[in-house]
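When reading the values below, keep in mind they use all heavy atoms of this one structure, side chains included, and skip hydrogens, waters and symmetry mates. By convention in this document, chain letters (A, B, ...) are assigned in the order of the sequence lines, proteins followed by strands, and residues within each chain are numbered from 1. Not measured: the values here are computed from a predicted model.
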Amino acid sequence: MATVTDAPTAPPLQRLRDLLDDAVLAVTGGERPPSSPALDRPKQAAHGDFATNAAMMLPKIVGAAPPMIAERLSVALTEHLGGDLDDVSVAGPGFLNLRMSDRWLDAALAEVEAAGRSFATGTPGTRESIHLEFVSNNPTGPVHIGGARGAAFGSALASLLELHGHPVHREYYVNDFGNQVQLFGASLQARARGEEVPEDGYRGDYVAEVAARIPDAATRSVDEVATEGIALMVAQQRASLERFRTTFDRWFSERSLHAPADGATSSPVDDAFAVLAEQGRTYEQEGALYLRTTDSGDDKDRVLVRSDGRPTYFASDVAYHHDKRTRGFARVIDVLGADHHGYVARVEAAFEALGGDRDAIELLITQFVNLFENGERAKMSKRAGEFVALDDLVDDIGVDAARWYLLARSHDTTIDLDLADAREQSAENPVYYVQYAHARIRSILQRGRDGEVTGARTGEGAGDDEGSADAVGATDGVGDAATAGGGDGATTGSAYVAAERELLLALLAWPDEVAEAATRRAPHRIATYLLALARQYSAFYRDCPVLAEGVPADVRARRLSLCSATADVIAAGLGVLGVDAPERM
RNA sequence: GCGCCCGUAGCUCAGUGGAUAGAGCGCUUGCCUCCGGAGCAAGAAGUCGCAUGUUCGAAUCAUGCCGGGCGCGCCA
């Protein structure tokens, strides 16, 4: 009954799902349900290690009531799983609750530990090369708080997609073309001359600082000043972002789209226009060139070239997306700030007009970040003009806290970030709580490797806690596992205590978490998971002495394995978020 | 007016069809002879904005309202 999906590299939970699928097919006589049945951890421990709704999906196919189907499934599963299964029971409207045997847990733990940090390294359904554009802050100022969120989200999403198995190309689009560049140059020059900046010019303190670094800024042409100023700003942004653990494979110049590349006779913009014209997607009206974006659901058609002959910003973006397409990525993802959400429809339309598949481009909008200080709206500095600068944020609360707080929430919800909370370097702060768990485990592992044994308490010391664990975890298991905790000598292997079981089950969910988070473009799920895992480890730490005198050798080995696997998963998870996983704190 | 996002515990937020809705902070009460107390445990706290509908089953899906944020340029 084993199938090709039963590959030896599939993680334990995936193999369990495959077996469930086999059982379903056995019951339906080969017909597949419209969607795969779920195999999840139930909310209540009394419902076993895993629960599946499979029986409730099949009444139409099988022609029987869910509880009846569940009974048949349980028979099939018992057959398939043999000694890996401790107990299977039908509950509620037709749920099937599974309790795995210690043998299965042992094997699973061995796999998790052996895989280490690569435990969740993914096997996505379809592996595809992804072009990811994010931040794309204007080069006329420092990276601001909106850019910080885009940077945190984009860099974490990139890591997450890579962990899941997709090759990712990270790109920053530099808007070094158009009106704003001239305006920036004029602002720089005004500052260099000690004059007021022009109307609608750039007024932040940084303008004078940048101007001071440009030789002869007061007397050279505005063009030259602008070019040098942009270069300095881009370099500064790059430094800010690197400090924020955000790097790019390429910084793509908008300006480069308006001139022929080496050896070419036409510019990328011209090339893109030619494609659009061939497709019959453009037209002229009142002297301007339009793209018929309404064909693809936009509110109105958009101007590519103004009646005075100058291309719009949108023209650049059309050319940019044409370039992305011709570079051969299977998927294009743009991460944009909330103020650009009105732009989504036209970019999608342009992508389609260029011949792209609508499903091959995604525009993700990150919502605003509101900063507070003890409940008051915070205004951090004038360095960025009217915006809060990324550098100020990092100076204030540190990279780890900044990234955590920006990443712990879904990208499409507005964040109210209280700096006083984020600054707090204690366990009140979730990021340090998770880091602390990691450091603590590494410390234990270090001692464990050195063969240390602490004289503290024995395995029996956890007896009180096991009592409560029993009540929570094993109403169906007659206490066979939980009551055996410390006393049975151990030559034949001691049973799993509830806290060990819970921790291992949490670890086994890691590949699912990665897959789900990657598929949903939701790195914040990783943060949620890590916090729960750290809590789970704390419960384990409380109930299960690892190095104490009197802990049987096999139990000690198992607990060291659990520690090792937990540390690796936490490190991998924090790695996705770009948060440090310290050895000690 | 139209479009996008959001509305879940006092606060900040998880949870996109399953069983009794969760976490962190804050609050109350306990716990330092104990592998890292930057810790642990217990407790109080919710009409999941409102209404109707779909479903065996809805915080989750649909429709309509209400409230908040943002956007609707031949700006970028």
Asks: Mind checking A:K300 for me? I need base, sugar-phosphate or nothing, with any heavy atom below 4.0 Å counting as a touch.
Replies: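 Sugar-phosphate: the residue A:K300, judged by heavy atoms under 4.0 Å, touches backbone atoms but no base.
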Asks: To the nearest angstrom, how far is A:L336 atom CG from B:G71 atom P?
Replies: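 After rounding, the gap between these two atoms is 14 Å.
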Asks: Identify whether any heavy atom of A:A345 sits under 4.0 Å from a base atom; if not, whether one sits that close to sugar-phosphate; answer base, sugar-phosphate or nothing.
Replies: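 A:A345: no heavy atom of the nucleic acid under 4.0 Å.
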Asks: To the nearest Å, how far apart are A:Y405 OH and B:A23 C1'?
Replies: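 Those two atoms, OH and C1', are 13 Å apart.
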Asks: Describe the nucleic acid contact of A:H524 in one word from base, sugar-phosphate, nothing, applying a heavy-atom distance below 4.0 Å.
Replies: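 Counting heavy atoms under 4.0 Å across all strands, the contact made by A:H524 is with sugar-phosphate only.
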Asks: Identify each atom pair where a protein N or O and an N or O of nucleotides 41-50 of chain B are less than 3.5 Å apart, giving names and distance.
Replies:
unit_1: B:A41; atom_1: OP1; unit_2: A:R542; atom_2: NH1; d: 3.0

Asks: For A:Y529 and A:E516, which I'm curious about, is there any donor-acceptor pair between the side chains at under 3.5 Å?
Replies: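 No, A:E516 and A:Y529 have no side-chain donor paired with an acceptor closer than 3.5 Å.
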Asks: Could you please name the option among B:A23, B:C75, B:A38 that lies closest to any side-chain atom of A:N179?
Replies: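 The listed nucleotide nearest to A:N179's side chain is B:C75.
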Asks: Any donor-acceptor pair under 3.5 Å linking the side-chain atoms of A:Y173 with those of A:S253?
Replies: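 Checked: A:S253/A:Y173 side chains show no N/O donor-acceptor pair below 3.5 Å.
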Asks: Please check the phosphate of B:C35 (OP1 and OP2 only) for any side-chain N or O of A:R449 closer than 4.0 Å.
Replies: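 No.
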Asks: Once you apply a heavy-atom cut-off of 4.0 Å, does A:A288 come out as touching a base, just sugar-phosphate, or nothing?
Replies: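 Contact class for A:A288: base.
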Asks: For B:C27, measure the glycosidic angle (O4'-C1'-N9-C4 for a purine, O4'-C1'-N1-C2 for a pyrimidine) and name it syn if it falls within 90° of 0, otherwise anti.
Replies: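 The base of B:C27 is oriented anti (glycosidic angle more than 90° from 0).
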Asks: Is there a side-chain polar atom (N or O) of A:S443 under 4.0 Å from OP1 or OP2 of B:G36?
Replies: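 For A:S443, the contact criterion (side-chain N or O under 4.0 Å from OP1 or OP2 of B:G36) is met.
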Asks: State whether the distance check finds a donor on one side and an acceptor on the other, under 3.5 Å, for side chain A:D317 versus base B:A76.
Replies: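 Absent.
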Asks: Using the rule given for side chain to side chain contact (heavy atoms under 4.5 Å, CB included), can you reason through A:V62 versus A:V27, listing the C-alpha separation, both sets of side-chain angles and the distance that settles it, and then say yes or no?
Replies: CA-CA 8 Å; A:V62 178; A:V27 168; 4.1 Å; yes
Asks: Would A:F95 pass as stacked on B:A19, i.e. its ring centre under 5.5 Å from the base's six-membered ring centre and planes under 30° apart?
Replies: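 Stacked: centres under 5.5 Å apart, planes under 30°.
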Asks: Indicate, with a heavy-atom threshold strictly under 4.0 Å, whether A:D421 touches base, sugar-phosphate, or nothing.
Replies: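 Counting heavy atoms under 4.0 Å across all strands, no contact is made by A:D421.
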Asks: Counting only heavy atoms not in A:R32, do more than 12 sit closer than 6.0 Å to its CZ atom?
Replies: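 Incorrect, the count does not exceed 12.
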Asks: Are A:R440 and A:Y541 in a cation-pi setup, meaning NZ or CZ lies under 6.0 angstrom from the ring centre and within 45 degrees of the ring axis?
Replies: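 That pair qualifies as a cation-pi contact.
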Asks: Rounding to an integer number of angstrom, what distance separates B:A45 and B:C11 when you compare their C1' atoms?
Replies: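 My reading of the C1' atoms in B:A45 and B:C11 gives 13 Å.
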Asks: What does A:I415 touch in the nucleic acid at a heavy-atom separation under 4.0 angstrom: a base, only the sugar-phosphate, or nothing?
Replies: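 Result for A:I415 = sugar-phosphate.
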Asks: For B:A76, does either OP1 or OP2 sit under 4.0 Å from a side-chain N or O belonging to A:R306?
Replies: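 It does, given that an N or O in the side chain of A:R306 lies less than 4.0 Å from OP1 or OP2 of B:A76.
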Asks: Could A:E502 and A:R41 be called an ion pair, given the rule that one side-chain N must be under 4.0 Å from one carboxylate O?
Replies: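 Result for this pair is yes, salt bridge flagged.
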Asks: Figure out the CZ/C1' separation between A:R346 and B:A76, and round it to whole Å.
Replies: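 Rounding to the nearest Å, CZ of A:R346 and C1' of B:A76 are 11 Å apart.
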Asks: Could you please spell out the steps behind the ring pair (Phe, Tyr, Trp, His ring centres under 6.0 Å) verdict for A:F540 and A:Y537?
Replies: CA-CA 5 Å; A:F540 164 84; A:Y537 181 80; 5.4 Å; yes
Asks: Thinking salt bridges, do A:R558 and A:D554 make one under a 4.0 Å N-O criterion?
Replies: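 No, no charged N to carboxylate O under 4.0 Å.
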Asks: Is there a donor in the side chain of A:N137 and an acceptor in the side chain of A:Y172, or the other way round, less than 3.5 Å apart?
Replies: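 No, no side-chain donor-acceptor contact under 3.5 Å.
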Asks: Is A:H47 stacked against the base of B:A19, taking the criterion as centroid distance under 5.5 angstrom and interplanar angle under 30°?
Replies: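 Yes, the aromatic ring of A:H47 stacks with the base.
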Asks: With no angle test and no hydrogens, is the base of B:C5 tied to the side chain of A:H341 by a donor-acceptor pair under 3.5 Å?
Replies: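 For A:H341, whose side chain was compared with the base of B:C5, there is no donor-acceptor pair (under 3.5 Å).
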Asks: Whether A:D512 and A:R17 form a salt bridge (side-chain N of Lys/Arg under 4.0 Å from carboxylate O of Asp/Glu) is what I want to check.
Replies: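 Answer for the salt bridge query: yes.
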Asks: Quick one: A:W404 CH2 to B:A14 C1', roughly how many Å, whole number?
Replies: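 Rounding to the nearest Å, CH2 of A:W404 and C1' of B:A14 are 12 Å apart.
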Asks: Taking Watson-Crick and G-U wobble pairs with both distances under 3.5 Å, convert RNA chain B into its dot-bracket string, 5' to 3', dots for unpaired and | for cross-strand pairs.
Replies: ((((((((.[[[[.)..(...]]]].(((((.......))))).....[[[[[..)....]]]]])))))))....
Asks: When rounded to the nearest Å, what value does the distance between C1' atoms of B:G68 and B:G26 take?
Replies: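 Between the two C1' atoms, the distance is 24 Å.
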Asks: Nearest heavy atom decides the nucleotide; on that basis, is A:R520 or A:E583 closer to the 5' end of RNA chain B?
Replies: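 The residue closer to the strand's 5' end, by nearest nucleotide, is A:R520.
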Asks: Which part of the nucleic acid, if any, lies within reach of A:R310 when heavy atoms closer than 4.0 Å are counted: base, sugar-phosphate only, or nothing?
Replies: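 Nothing, no heavy atom under 4.0 Å.
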Asks: Heavy atoms only, 4.0 Å cut-off, all strands: where does A:Q435 land among base, sugar-phosphate and nothing?
Replies: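 If one applies the 4.0 Å heavy-atom cut-off, A:Q435 turns out to touch nothing in the nucleic acid.
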Asks: For A:Q285 and B:G73, give me the distance from atom CD to atom P, rounded to whole Å.
Replies: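 Nearest whole value for this atom pair: 16 Å.
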Asks: How far, in whole Å, is B:A23 from B:U33 if one measures between their C1' atoms?
Replies: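 Nearest-Å result for B:U33 against B:A23 at atom C1': 33 Å.
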Asks: If you assign A:K43 and A:R447 each to the RNA chain B nucleotide with the nearest heavy atom, which residue ends up on the more 5' nucleotide?
Replies: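 Taking each residue's closest nucleotide, the earlier one in sequence belongs to A:K43.
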Asks: To the nearest 0.5 Å, tell me how far A:R346 CZ sits from A:K300 NZ.
Replies: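 Here the interatomic distance stands at 8.0 Å.
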Asks: If we take the C1' atom in both B:A21 and B:U28, what is their distance in whole Å?
Replies: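 Straight-line distance between the two C1' atoms is 23 Å.
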Asks: Remember a base hit wins even if backbone is also touched, and classify A:A527 as base, sugar-phosphate or nothing at under 4.0 Å, heavy atoms.
Replies: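 The residue A:A527 makes no contact with any strand.
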Asks: Does a nitrogen or oxygen in the side chain of A:Y529 sit under 4.0 Å from OP1 or OP2 of B:A14?
Replies: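 Checking A:Y529 against B:A14: no side-chain N or O falls below 4.0 Å of OP1 or OP2.
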Asks: Reckon A:S316 touches a base, only the sugar-phosphate, or nothing at all at heavy-atom distances under 4.0 Å?
Replies: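 The answer is nothing, as A:S316 stays clear of every strand by at least 4.0 Å.
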Asks: In whole angstrom, give the distance that lies between atom CE of A:M57 and atom P of B:A19.
Replies: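 The distance from CE of A:M57 to P of B:A19 comes to 15 Å, rounded to the nearest Å.
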Asks: Nearest whole Å is fine: how far is B:A38 P from A:N429 CG?
Replies: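 Roughly 15 Å, once rounded to whole Å.
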Asks: Would you mind classifying the nucleic acid contact of A:Q446 as base, sugar-phosphate or nothing, using non-hydrogen atoms under 4.0 angstrom?
Replies: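 Result for A:Q446 = nothing.
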Asks: Is A:R442 close enough to B:G36 that one of its side-chain N or O atoms is under 4.0 Å from OP1 or OP2 there?
Replies: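 Indeed not, no polar side-chain atom of A:R442 lies that close.
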Asks: Name the nucleic acid region contacted by A:S307, choosing base, sugar-phosphate or nothing; use a 4.0 angstrom heavy-atom cut-off, strictly under.
Replies: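 A:S307: base contact, heavy atoms under 4.0 Å.
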Asks: Rounded to the nearest Å, what distance is computed from the CD atom of residue A:Q367 to the P atom of nucleotide B:C13?
Replies: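 After rounding, the reported distance stands at 12 Å.
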Asks: When you compare B:C56 with B:C70, how far apart are their P atoms, in angstrom units rounded to a whole number?
Replies: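 Taking atom P in both B:C56 and B:C70, they lie 43 Å apart.
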Asks: Side chain of A:M56: nearest nucleotide among B:G36, B:G18, B:C35?
Replies: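 Looking only at side-chain atoms, A:M56 lies closest to B:G18.
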Asks: What nucleotide, of B:C13, B:G18, B:C74, holds the atom closest to the side chain of A:N53?
Replies: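 For A:N53, the side-chain atoms sit closest to B:G18.
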Asks: Select base, sugar-phosphate, or nothing to describe what A:N138 touches, counting heavy atoms under 4.0 Å on all strands.
Replies: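 Sugar-phosphate, no base atom in range.
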Asks: Does this structure show an ion pair linking A:R310 with A:D308, if we count only N-O contacts that are shorter than 4.0 Å?
Replies: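 Yes.
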Asks: Between A:R423 and A:E373, does at least one N-O distance fall below 4.0 Å, as a salt bridge requires?
Replies: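 Salt bridge between A:R423 and A:E373, a charged N being under 4.0 Å from a carboxylate O: yes.
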Asks: If the C1' atom of B:A14 is compared with that of B:A51, how far apart are they to the nearest Å?
Replies: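 Rounded to whole Å, the distance is 26 Å.
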Asks: Quantified in whole Å, what is the C1' atom distance between nucleotide B:U60 and nucleotide B:G49?
Replies: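 It comes out at 15 Å once rounded to the nearest Å.
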Asks: Is it the case that the side chains of A:Q180 and A:N175 hold a donor-acceptor pair, with the cut-off being a distance below 3.5 Å and no angle test?
Replies: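 The answer is no; no qualifying pair exists.
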Asks: Report which part of the nucleic acid A:F314 touches: base, sugar-phosphate, or nothing (heavy-atom distance under 4.0 Å, all strands).
Replies: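 Nothing: the residue A:F314, judged by heavy atoms under 4.0 Å, touches no strand.
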Asks: Rounding to the closest angstrom, what is the interatomic distance between B:U29 and B:G67 at atom P?
Replies: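 Taking atom P in both B:U29 and B:G67, they lie 42 Å apart.
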